[in-house]
Amino acid sequence: MLKKGTKLNSILTGTCPKCQEERMYVDRNPYNLPKLLTMNETCSHCGLQYQLEPSFFYGAMYVNYGLTVAVGVAAFIISKVFIGLDILESFIAIILALVILMPINSRLARNIYINMFVSYDKDAVKKNHDTTI
């Protein structure tokens with residue numbers, strides 16, 4: 001499922017979408033809020049610059065919106081249909097789920113967004129090391 005070279009691997013692990021050798025974020029823990037979206041500028045293995053253009057990750061806000069809606073709907077269905085909470089309790093469950101999962105959603109949105117534009121290249125590490133030698 002998380003085989004190296006797949007977009008799903010890069011998205012879920014937060015690794016470079018081109019070589020999948022290095023993590024994109026300075027801090028691995030998404031709940032370290034001051035460093036939540038602090039990314040390395042480039043991949044030390046393949047040289048990919050993560051910010052492909054100025055303000056590149058503004059587009060990730062749209063992905064984040066979709067993820068937030070999906071989490072809200074899932075929280076409502078689980079709380080209302082499966083657990084049987086009333087509407088106010090379901091609303092509270094939605095708010096809690098959104099607040100708790102906000103850091104994960106934010107990083108996941110960035111991971112999905114950059115993977116829409118950059119594909120895996122199995123020779124990326126080899127090419128970069130060949131040119132530096």
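Residues V118 and L52 meet the side-chain proximity criterion, which asks for heavy atoms closer than 4.5 Å. C43 is not listed as a side-chain neighbour of M24, based on a closest heavy-atom distance of 4.5 Å or more. Considering only heavy atoms from C-beta on, L108 comes within 4.5 Å of L12 through its side chain. Considering only heavy atoms from C-beta on, N40 comes within 4.5 Å of V26 through its side chain. Proximity of F76 to V81: side-chain heavy atoms (C-beta onward) are nowhere separated by under 4.5 Å. Using a 4.5 Å heavy-atom cutoff, the side chains of Y120 and T6 are not in contact.
Linking ILVMFWY residues whenever their side-chain heavy atoms come closer than 4.5 Å, directly or via other members, places M39 and M116 in the same cluster.
Between P30 and R28, the shortest heavy-atom distance links the atoms CD-O, 3.2 Å.
No side-chain donor-acceptor contact under 3.5 Å links K122 to the backbone of G5. Checking side-chain atoms of N64 against main-chain N and O of A60 turns up no donor-acceptor pair under 3.5 Å.
Annotation: F117 is in aromatic contact with Y113 [ring centroid separation under 6.0 Å]. Aromatic rings of Y50 and F57 (six-membered ring for Trp) have centroids beyond the 6.0 Å cut-off, not under it.
For the side-chain contact (heavy atoms from CB on, under 4.5 Å) criterion with D27, the lone passing option out of L33, N32, L36, T38 is N32.
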